[in-house]
Protein chains: 2
Amino acid sequence: MNIGKAAKLSNLTVKTVRYYANIGLVKPEQNISSGYREYTDEEVAKLKFIGKARKFDFSIDECKELLSLYEDKNRTSKEVKKITLEKISQIDSKLNDLKDLRNELSFLASNCHGDDKPNCPILDELSKN
Amino acid sequence: MNIGKAAKLSNLTVKTVRYYANIGLVKPEQNISSGYREYTDEEVAKLKFIGKARKFDFSIDECKELLSLYEDKNRTSKEVKKITLEKISQIDSKLNDLKDLRNELSFLASNCHGDDKPNCPILDELSKN
DNA sequence: CCTTTACTCTACCCTTAGGGGAAGGTGTAT
DNA sequence: ATACACCTTCCCCTAAGGGTAGAGTAAAGG
């Protein structure tokens with residue numbers, strides 16, 4: 001099938017599917033006369049796989065890793081779990097940063113009257129020495 | 001003072017300070033004969049202000065807004081608070097997304113034995129139709 | 001057979017907020 | 001005069017594609 005159908009079936013944009021071909025993540029045959037990429041069902045399955053992994057916030061490089069484990073029937077579940085736990089720990093670290101940030105900002109906001117006067121503790125904090 | 005000193009005083013890199021001059025965020029005079037940018041104490045204060053705002057996760061555009069409010073002695077604290085509350089709400093939304101993500105990943109990981117066998121519920125989920 | 005329409009191709013620039021480095025000019029101390 | 005630190009502009013790089021231009025291709029309708 002052509003790229004448009006592959007994109008539709010995998011719920012990705014044509015641009016994204018083409019990008020994945022360009023970086024070698026999925027390697028469709030290319031019709032010599034027309035130049036059109038030709039996708040098989042198996043490649044569509046890989047596209048779906050990547051799409052899901054991306055939604056789980058895995059980077060393209062991590063998707064590449066996961067995909068090669070997916071294709072390797074001699075993989076160990078240990079390898080997959082390791083990548084997943086690393087991702088979870090990245091998320092935890094980002095969560096902590098964001099929580100701290102939220103607390104600080106919300107503290108600042110709660111101290112600001114939010115009225116028509118120019119006096120503002122938020123700006124004071126930002127311009128504090 | 002030259003850019004190196006301004007960078008040191010504001011705890012930013014020279015590259016960053018030059019970038020802020022290029023996008024017109026801080027506008028130092030430029031010595032005609034040498035071409036060197038010349039920073040005043042006031043401009044260093046603005047750089048510090050921007051540096052702090054960036055740490056609070058405000059984008060460059062938001063920093064530009066905050067900076068113009070900082071300079072406008074007729075501003076209202078309402079305006080500043082509005083920007084801050086919007087930022088908090090962005091953060092909240094990101095926090096919720098990340099929490100959901102973490103739950104899903106951690107559910108997947110907990111179902112994975114993480115042993116030497118190829119069978120893996122994480123890959124199963126990613127390749128589920 | 002011809003035209004329209006839909007689809008596809010490559011190639012280029014754009015996004016954030018700078019980082020890295022080259023090539024070359026400036027300032028100052030020795 | 002030379003060494004060294006500092007400064008300049010210019011260009012390419014990041015992640016993951018989005019947008020658009022210009023051109024070729026496929027399939028359907030007349």
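We name chains A, B, ... by the order of the sequence lines, and we start the count at 1 in each one.
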Quiz item: Is the number of heavy atoms from other residues, nucleotides or ligands within 6.0 Å of NZ (B:Lys94) greater than 12?
Solution: no
Quiz item: Do we see a donor-acceptor contact under 3.5 Å between the side chains of B:Ser93 and B:Gln90?
Solution: no
Quiz item: Over how many whole Å does the gap from A:Gln30 atom CD to D:dG24 atom P extend?
Solution: 17 Å
Practice problem: Answer yes when A:Lys128 and A:Glu125 have at least one side-chain N-carboxylate O distance shorter than 4.0 Å, and no when they do not. | Solution: yes
Practice problem: Report yes if a donor N or O on one partner sits less than 3.5 Å from an acceptor N or O on the other, where the partners are the side chain of A:Tyr19 and the base of D:dG18; otherwise report no. | Solution: no
Exercise. Figure out the CG/P separation between A:Asn22 and D:dA15, and round it to whole Å.
Key: 16 Å
Practice problem: Look at all strands and tell whether A:Glu38 reaches a base, only sugar-phosphate, or nothing, counting heavy atoms closer than 4.0 Å. | Solution: nothing
Quiz item: If only atom types and distance count, is the side chain of B:Lys27 paired as donor or acceptor with the main-chain N or O of B:Gly24 below 3.5 Å?
Solution: yes
Practice problem: Look at the side-chain N and O atoms of B:Ser34 and state whether any lies under 4.0 Å from the OP1 or OP2 oxygen of D:dT8. | Solution: no
Quiz item: Regarding B:Thr76 and B:Glu79, is there a side-chain donor-to-acceptor distance under 3.5 Å anywhere?
Solution: yes
Quiz prompt | Protein-nucleotide distance (B:Tyr36, atom OH; D:dT9, atom P), rounded to Å | solution = 11 Å
Practice problem: Please list residues of residues 84-95 of chain B whose heavy atoms come under 4.0 Å from any atom in DNA chain C, ordered by number; otherwise none. | Solution: none
Quiz prompt | Quiz item: cation-pi between A:Lys73 and A:Tyr70, 6.0 Å / 45° | solution = yes
Quiz item: Where is the tightest heavy-atom contact between B:Asp57 and B:Lys87, given as atom of each residue plus distance?
Solution: O-NZ, 3.1 Å
Quiz item: Atom NZ of B:Lys5 to atom P of D:dC6: distance rounded to whole Å?
Solution: 13 Å
Quiz item: What integer distance in Å separates B:Asn31:CG from D:dT8:P?
Solution: 10 Å
Quiz item: Whole-Å distance between D:dA16 C1' and A:Phe58 CZ?
Solution: 17 Å
Practice problem: Fill in the dot-bracket string of DNA chain C, one character per base: . for unpaired, | for a pair to another strand, ( ) or [ ] for pairs within the strand, taking Watson-Crick or G-U pairs under 3.5 Å. | Solution: ||||||||||||||||||||||||||||||
Quiz item: So, is A:Arg54 close to the D:dG17 phosphate, meaning a side-chain N or O under 4.0 Å from OP1 or OP2?
Solution: yes
Quiz item: First and last nucleotide of DNA chain C in contact with chain B, 5' to 3', at under 4.0 Å to a heavy atom: what are they?
Solution: C:dA17 to C:dG27
Quiz item: For B:Met1 and D:dC6, what is the distance between atoms CE and C1' respectively, to the nearest whole Å?
Solution: 16 Å
Quiz item: How is B:Arg18 classified with respect to the nucleic acid when contacts are heavy atoms under 4.0 Å: base, sugar-phosphate, or nothing?
Solution: base
Practice problem: Treating Ile, Leu, Val, Met, Phe, Trp and Tyr as nodes and any side-chain heavy-atom pair under 4.5 angstrom as an edge, say whether A:Tyr39 and A:Tyr36 lie in one connected cluster. | Solution: no
Quiz item: Can you name the closest pair of heavy atoms from B:Ser77 and A:His113 and give their distance?
Solution: OG-C, 4.2 Å
Quiz item: Between A:Gly35 and A:Thr13, which has a closest nucleotide on DNA chain D that is more 5'?
Solution: A:Thr13
Exercise. Would you confirm whether B:Asp115, through its side chain, and B:Lys117, through its main-chain N or O, come within 3.5 Å as a donor-acceptor pair?
Key: yes
Practice problem: Hey, which sits more toward the 5' end of DNA chain C by its nearest nucleotide, B:Ser59 or B:Lys15? | Solution: B:Ser59
Practice problem: Using a strict 4.0 Å threshold on nitrogen-to-oxygen distance, state whether B:Glu43 and B:Lys46 make a salt bridge. | Solution: no
Practice problem: May I have the distance from A:Asn2 (atom CG) to D:dT25 (atom P), rounded to whole angstrom? | Solution: 14 Å
Quiz item: Where is the tightest heavy-atom contact between A:Ser10 and A:Val17, given as atom of each residue plus distance?
Solution: OG-CG2, 4.3 Å
Quiz item: Hey, is the side chain of B:Arg37 poking within less than 4.0 Å of OP1 or OP2 on D:dT8, counting only N and O atoms?
Solution: yes
